[in-house]
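Notes for the one structure printed next.
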Amino acid sequence: HVQLQASGGGLVQAGGSLRLSCTASGTTFSITRMGWYRQTPGNQREFVGSITSGGTTTYADSVKARFTISRSNDKNTMYLQMNNLKPEDTAVYYCNAIRVRAMSERPRGNQEIWGQGTQVTVSS
């Protein structure tokens, strides 16, 4: 199975930068995609960006050209580089992974895993 550990949140002024990390442990070879989501109080969790096992990245329109997702050489750590941060980027950020269950596992199919959140606060 897979566990996710997120880190790197904090307080930054508008226009500043932060880098979040998400490290996966366990059967990481089964991960097909990792992503970042964020959530503010009273709102649904929203997609920020993702990276597939093949390296393809996708971003929400609200963060394109400001945020960049990358990963370590062993593919076990995903990074979210956030530049030109805005107050509206303030949220709890969660990392996410999709893994393919082994043939011996039940139920079959993909499994979605969430890490704990890390708070990002951008002051104006």
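For this chain, numbers begin at 1 and follow the sequence in order.
- Counting heavy-atom neighbours within 6.0 Å of E112 CD, excluding the residue itself, gives a total above 12.
- Y94 and V48 are not part of a single hydrophobic cluster, where members link through side-chain heavy atoms under 4.5 Å apart.
- Taking CZ from R33 and OG1 from T56, the interatomic distance works out to 12.0 Å, rounded to the nearest 0.5 Å.
- There is no path of hydrophobic side-chain contacts, each under 4.5 Å, that joins L85 to Y37.
- In this pair, Y93 and F67 present their aromatic rings tilted. The plane angle is within the 30 to 60° band.
- Tracing side-chain contacts under 4.5 Å through hydrophobic residues (I, L, V, M, F, W, Y), one never reaches L18 starting from L11; they form parts of separate clusters.
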*Begin from the C-alpha positions of T90 and T121 and carry the test side chain to side chain donor-acceptor pair (under 3.5 Å) through to its verdict.*
CA-CA 5 Å; T90 295; T121 302; 5.3 Å; no

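- For the atom pair CZ of R71 and CG of N73, the computed distance is 9.5 Å after rounding to the nearest 0.5 Å.
- Between I51 atom CD1 and C22 atom SG the span is 12.0 Å, to the nearest 0.5 Å.
- Residue N96 holds its CG atom at 7.5 Å from CG of L4, rounded to the nearest 0.5 Å.
- For the pair V2 and S30, the tightest heavy-atom approach, listed with the atom from each and the gap, is CG2-OG, 4.2 Å.
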*Kindly determine whether R99 and I113 satisfy side-chain contact (heavy atoms from CB on, under 4.5 Å), including the steps that lead there.*
CA-CA 8 Å; R99 65 173 287 265; I113 301 125; 3.5 Å; yes

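- Between atom NZ of residue K64 and atom OG1 of residue T58 there is a gap of 8.5 Å, rounded to the nearest 0.5 Å.
- Under the 3.5 Å distance criterion, with hydrogens and angles disregarded, no donor-acceptor pair is assigned to the side chains of S7 and Q5.
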*Quick one: do R66 and D89 satisfy side-chain contact (heavy atoms from CB on, under 4.5 Å)? Show the steps, please.*
CA-CA 11 Å; R66 297 189 299 122; D89 294 318; 2.7 Å; yes

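- Under the 4.5 Å side-chain contact rule for hydrophobic residues, W114 and L20 do not share a cluster.
- Minimum interatomic distance between Y79 and S72 (heavy atoms only, all atoms of both residues): CE1-N, 3.8 Å.
- Without hydrogens or angle criteria, T27 side chain to H1 main chain gives a donor-acceptor distance under 3.5 Å.
- Nearest approach of N83 to S17, heavy atoms of both residues: OD1-OG, 2.9 Å.
- Contact check for P107 versus R101: side-chain heavy atoms found under the 4.5 Å cut-off.
- Side chains of T32 and S53: no donor on one and acceptor on the other come within 3.5 Å.
- Of all non-hydrogen atoms in A6 and Q116, the two that sit nearest each other are O-NE2, 2.7 Å.
- For the atom pair M82 CE and R19 CZ, the distance stands at 11.0 Å (nearest 0.5 Å).
- Taking each heavy atom of A91 and T40 in turn, the nearest pair found is CB-CG2, 3.7 Å.
- Residues V122 and V63 fall within the same hydrophobic cluster, defined by Ile, Leu, Val, Met, Phe, Trp and Tyr side chains chained together at heavy-atom separations under 4.5 Å.
- Between Y59 and I69, the shortest heavy-atom contact is OH-N, 2.8 Å.
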